[in-house]
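Accompanying notes for the structure given below.
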Amino acid sequence: MLSRIKQLLLLTETHLNSPSTTVLQQSTLRIILTSGLLLVLTIVLHSSWQAYQAGAWYTIAITTSFYAILLLALYFSTHHLAISRVILLFTVFAAGLCMLFFIDDFELSKLGVIFVYTAPLIALLFFNRTVTLLVMAINVLPFLFLLYSTTPINLFNFSITLPATPTYLHSLLFLFFNLCIPLTIMRMLSTLNRNAAALKAQNANILQSNQLYQDIFNHQNKATLLVTAEGQILKANAKAQQMLALTNAEHRHLTEVISTAAHDKTAFWIGHDTECQLLADSNKHLLLNHLCSTQQQHHLLQLDDITPLKQMHKKLAASEQQHELWYNYDNLTSLPNAGFLLHLIHKQRESTVAGLMLILRLCHVKAFNHQNSYQAGDELLTTFAQQLQNALPEQVIFGRLRGVKFVLWTDLLNSSSSVSDQVAQLRSLLPAELILSVGSIKPMYEIGVSIATSNHFSPEEMLEQCESALELADAYNCPVAYYQADYLQQRNLDLQLLADLKQALHKDELALWLQPKVTPDGTIQSFEALLRWPRADGSFVAPETIIRLAELYGMIGEVSLKVLNQAINIVQQFKAIALNYPVAINLAGSDLLVHSFYNALIDVATHQPDLLNQLTLELTENSIISHKQPLFDKIHALKKLGFSIALDDFGTGQASLSMLSKLPVNKIKLDRSFLKEVPSNPVQVRLVQSVIQLAAALQLKLVIEGVETDIQRRFLIKLGCKQMQGYFFAKPAPVAHWLKQLSSTKDNHAVPPLN
C-alpha cells in the first residue's frame with residue numbers, strides 16, 4: 001500500500017533523485033490534490049448532508065462541482081500537467097470568490113479572500129515568473145475590497161451559509177496552510193537537498209580527480225604545456241618553465257614564447273614533430289608535439305630540447321651521417337644509442353680479436369628522481385655522460401644502453417696487466433662526484449664484465465653476458481661482477497618463465513586462493529588472498545618467484561592489478577551470498593610506485609568507497625625498507641584515502657619498531673618463524689608475549705601466523721592472542737571451496753569448532 005502511495009505521489013527513490021522539473025511539479029501537484037481531496041472529503045459529505053436537510057440544493061451542487069474539478073485535475077496530472085495546474089489555480093480563485101459572493105456572513109466571506117492569497121504561491125510552484133507577477137497583481141483587488149468594504153456582496157441573493165460553515169472554512173484554511181502547502185514545500189526541499197548532496201559529492205570527485213591529474217601534470221619528466229585552441233598558455237609544468245626560461249608562462253600566447261619556420265604557421269601547436277626556436281634565445285631549438293585534446297577543447301603539448309642534436313646536425317651537415325644522427329644517438333646524453341653502439345663495436349672488432357665489454361649501471365637514480373625530480377635525474381645522467389666521455393681514452397667506445405645503463409668497449413690489452421687491472425683502470429675514470437643544480441652527489445656504480453678472446457663471441461652475445469654479470473653485482477659488497485655461464489643459464493630459464501608468465505596474465509591463469517584468519521575457537525574473521533599459478537604438470541610456481549620475475553622485468557604493476565581486481569571480485573561474490581569478510585592482498589612495495597596500479601587504488605577509493613572496509617593492503621617490512629621514502633609517501637596517502645594497512649612478516653625486517661612509528665598501520669602479522677619452537681623454547685615464548693603486549697599498547701590488531709598444533713593454539717590463548725592463522729585451522733584453498741563451505745554452514749568455522 002505504501003509503495004503504491006509513493007508511486008502515485010512520485011516519492012520513490014528514482015523520482016526523488018530525478019533532476020527533471022516536470023517530475024518535481026507533478027509530484028508537488030499530486031501531493032496538494034491528493035491531500036486536499038482526502039481531507040476535504042469529510043467537509044463535502046457533511047456539508048452536503050446539512051444542505052440536503054435545509055433543501056439548499058445549489059450548495060450541494062457547488063461543493064460537489066469543486067470536488068469533481070479537483071478529481072479531474074488529479075486525473076490530468078498524469079499526462080497533461082499544463083491542464084492540471086491551470087485547473088488548480090482556477091479552483092483556488094473560484095473557491096475564494098464563491099466564499100466571497102455566496103456567504104452572507106461578512107466575517108466568514110473574508111476567509112475566501114485570505115484563501116485567494118495562496119494563488120501566487122501556486123503560480124510560483126507551477127508556472128513561470130510572469131504568471132506569478134500577474135496573479136500577485138490580481139490579488140490587489142481582493143485586498144482593496146477587504147480594506148474598504150464593510151458588507152458582504154451577496155451575489156444573486158442566495159446564500160450557501162450553513163450552521164457548520166465556520167467550521168468548514170476554518171478547517172479548509174487550516175488543512176491547506178498547515179498540511180497541503182508544508183507537504184509540498186517538504187517535497188521540494190527534499191529534492192533540493194538530494195541534488196545539493198549529489199552535486200557536493202560530484203564536486204568532491206571532480207576536485208580529487210583534478211588534484212590527481214594536476215599532480216601527474218606537474219611531475220611529468222617532460223616539458224608539458226596546456227594551451228587553449230587559440231594558443232594561449234593555461235599551464236606549464238616546472239620542466240616547461242625552465243626550458244622556456246619563464247617564471248610564469250600562464251596567460252601568455254605561445255607565439256610570444258617560441259617561433260617556428262613551418263610553412264603553415266596557423267595553429268602550429270596542434271602539429272607533430274614541429275621544430276621551434278625559443279624567442280628569448282634563438283640558439284635554443286625545441287621539438288613540439290601535440291599529445292591530445294581535452295574535453296574543454298584545450299591541447300596538451302610536449303616540448304623536447306633538441307639543441308644538442310641541432311648543433312651536431314650543423315657540424316655534420318656536409319657529411320653522410322646527417323641522416324643517421326637522429327637515429328644513432330641518444331637524445332638526452334648525445335651518446336651512441338644501443339643499436340649504433342653495437343655497430344661501432346662490430347666495426348672495431350674487424351681490426352682486433354680480443355675485447356673487453358662493461359655494462360655500467362648508476363645506482364639509486366630512481367630514489368634520486370623521487371627526492372629531487374625527473375628533471376634533476378636527467379641532469380645527473382647528462383653530467384655523468386659528459387664527465388666520463390671527457391675522461392675516457394679515445395679508443396674506448398662509450399654509449400648509452402637504456403635508462404641508467406651505459407656500455408664501455410675497449411680492446412683487450414696484450415700486456416702484462418691482467419683483465420682486472422684494466423677494469424680497475426677504467427673504474428678509476430668514473431666520476432667520483434657530480435656537481436648538479438640541486439647540489440653535489442657521489443654516485444655509486446655496479447659493473448658487469450664480459451671478455452672475448454676470439455671472434456667466437458659477437459658483441460650481442462657479450463652484451464647478454466654483461467647483463468647476466470650485472471645481476472650479480474652489488475654496489476656495496478661486490479660492485480664489479482664477471483660473467484658466469486651458469487648464471488646466464490639460470491637467467492635464460494627465468495626469461496622462459498617470464499614468457500610463460502606473460503601468457504598466463506593474458507589468459508587469466510593466475511588465481512587467488514584464500515586462507516582464513518580466525519579467532520582461537522576457529523571462527524573466521526577475514527581472509528588472506530594468496531597468489532597461485534598452476535602449471536600444466538599440476539605443480540605451482542612459488543609466489544616469491546612470480547614477484548621476483550615481475551619486479552625484475554617491470555611487470556609488477558600488471559600482476560598486482562590482476563590481484564586487486566580478483567580480490568574485488570571475491571568480495572563481491574561474498575556479498576552476493578550475504579557474507580561480509582574482508583580480504584587482504586599482499587603487495588610487493590614496488591607496485592605502489594607504478595602509476596597504473598597506484599591510480600587503480602585511488603580509483604577504488606574514489607568510485608567504490610564501500611570496498612575500503614573490505615580490502616586490506618599487506619606489505620612486508622623488507623619491501624618497505626628497500627624503497628624507503630617514496631613508498632612511505634604512497635602508504636600515507638592510501639591511509640588517508642581510507643585503506644587499511646597491515647605490516648606483514650613482522651619481526652623479520654631490519655627496523656621493526658621504527659617502522660611502526662613511521663607507518664600508519666592498523667594491523668601487524670607476526671611471522672611464522674617466531675612460532676616454530678613455541679612453547680618449548682622459552683626465548684621464543686617471551687618474544688611472542690612481548691609482541692602481543694606491544695600490539696596492545698599501540699592499539700594495533702595482531703595476527704600470529706604459523707599455528708600448526710593445538711598445543712600452540714592453547715598456549716597462545718593463555719598469552720592473550722585473539723587472532724591466528726595457520727594450517728591447524730585451514731590451508732589455503734580456492735575461492736569456490738570457501739563459497740561452498742560458507743554458504744552451506746551457519747557457524748562459518750574454518751574447521752569444526754574446537755573443544
Side-chain angles (χ1 to χ4, degrees), residues 330 332-338 340-342 344-345 348-349 352-369 376-436 439-453 457 459-485 487-488 491:
D330 176 54
L332 179 63
T333 62
S334 299
L335 294 174
N337 59 27
F340 190 48
L341 180 73
L342 291 173
L344 294 176
I345 296 174
Q348 179 73 11
R349 292 208 68 189
T352 184
V353 174
L356 179 66
M357 180 183 288
L358 288 75
I359 286 186
L360 176 70
R361 177 165 59 199
L362 274 73
C363 301
H364 311 312
V365 175
K366 182 180 291 187
F368 178 84
N369 288 342
D378 290 346
E379 183 187 2
L380 185 150
L381 295 179
T382 54
T383 304
F384 161 76
Q386 290 172 2
Q387 287 189 213
L388 182 55
Q389 190 171 32
N390 293 335
L392 288 173
E394 186 177 350
Q395 70 272 15
V396 176
I397 299 175
F398 177 40
R400 185 183 183 191
L401 184 60
R402 63 183 175 275
V404 295
K405 292 182 180 180
F406 297 82
V407 175
L408 297 174
W409 163 272
T410 185
D411 296 339
L412 198 60
L413 299 178
N414 294 321
S415 62
S416 58
S417 61
S418 64
V419 173
S420 59
D421 291 337
Q422 192 172 351
V423 172
Q425 184 179 359
L426 290 173
R427 281 187 65 198
S428 67
L429 301 177
L430 298 178
E433 185 176 15
L434 299 174
I435 308 300
L436 307 174
S440 63
I441 69 163
K442 294 182 178 181
M444 300 185 69
Y445 307 99
E446 293 174 346
I447 300 174
V449 182
S450 175
I451 306 163
T453 56
F457 292 107
E460 288 79 8
E461 290 175 307
M462 292 186 68
L463 192 63
E464 186 176 357
Q465 292 175 358
C466 281
E467 290 274 21
S468 174
L470 188 63
E471 298 302 322
L472 301 175
D474 185 322
Y476 296 97
N477 302 314
C478 180
V480 180
Y482 291 82
Y483 163 68
Q484 298 176 11
Y487 186 79
L488 182 60
R491 187 165 175 268

Decide side-chain contact (heavy atoms from CB on, under 4.5 Å) for R427 and V480; before the verdict, give the C-alpha distance in whole Å, the side-chain angles of both, and the deciding distance to 0.1 Å. CA-CA 9 Å; R427 281 187 65 198; V480 180; 3.4 Å; yes
Just wondering, are more than 12 heavy atoms of other shown residues or ligands nearer than 6.0 Å to CD in Q425? no
Is it the case that the side chain of Y445 and the backbone of P431 share a donor-acceptor pair, with hydrogens and angles ignored and the cut-off at 3.5 Å? yes
Could you walk me through whether S450 and Y482 pass the side-chain contact (heavy atoms from CB on, under 4.5 Å) check? CA-CA 6 Å; S450 175; Y482 291 82; over 6 Å; no
Is the shortest side-chain heavy-atom distance between V404 and F368 below 4.5 Å? no
Donor-acceptor under 3.5 Å (E446 side chain, A475 main chain): yes
Test item: M357 and V449 side chains (from C-beta on) under 4.5 Å apart, heavy atoms: no
I'd like to check L388 versus L430 (side-chain heavy atoms, cut-off strictly below 4.5 Å). Are they in contact? yes
Indicate yes or no: at least one non-hydrogen side-chain atom of L344 is less than 4.5 angstrom from one of P336. yes
Can any side-chain N or O of T333 pair as donor or acceptor with the backbone N or O of D330 at less than 3.5 Å? no
What I want to find out is whether R402 reaches E467 closely enough, with some N-O distance under 4.0 Å, to be called a salt bridge. yes
Does any non-hydrogen side-chain atom of L380 lie less than 4.5 Å from one of N369? no
Could you go through the side-chain contact (heavy atoms from CB on, under 4.5 Å) check for Q422 and L356 one step at a time? CA-CA 9 Å; Q422 192 172 351; L356 179 66; 4.0 Å; yes
Main chain of E379, side chain of T382: is a donor-acceptor contact present, judged purely on distance under 3.5 Å? yes
Distance in Å, T410 OG1 paired with F398 CZ, rounded so as to fall on 0.5 Å steps: 13.5 Å
Kindly indicate whether the side chain of L358, heavy atoms from C-beta on, has any atom under 4.5 Å from the side chain of V423. yes
Quick one: does L470's side chain get under 4.5 Å of R361's, heavy atoms only? yes
side-chain contact (heavy atoms from CB on, under 4.5 Å), that's the test. Do E460 and L342 meet it? Break it down for me. CA-CA 7 Å; E460 288 79 8; L342 291 173; 4.0 Å; yes
Given side chains that start at C-beta, do those of L341 and L335 come closer than 4.5 Å, heavy atoms only? no
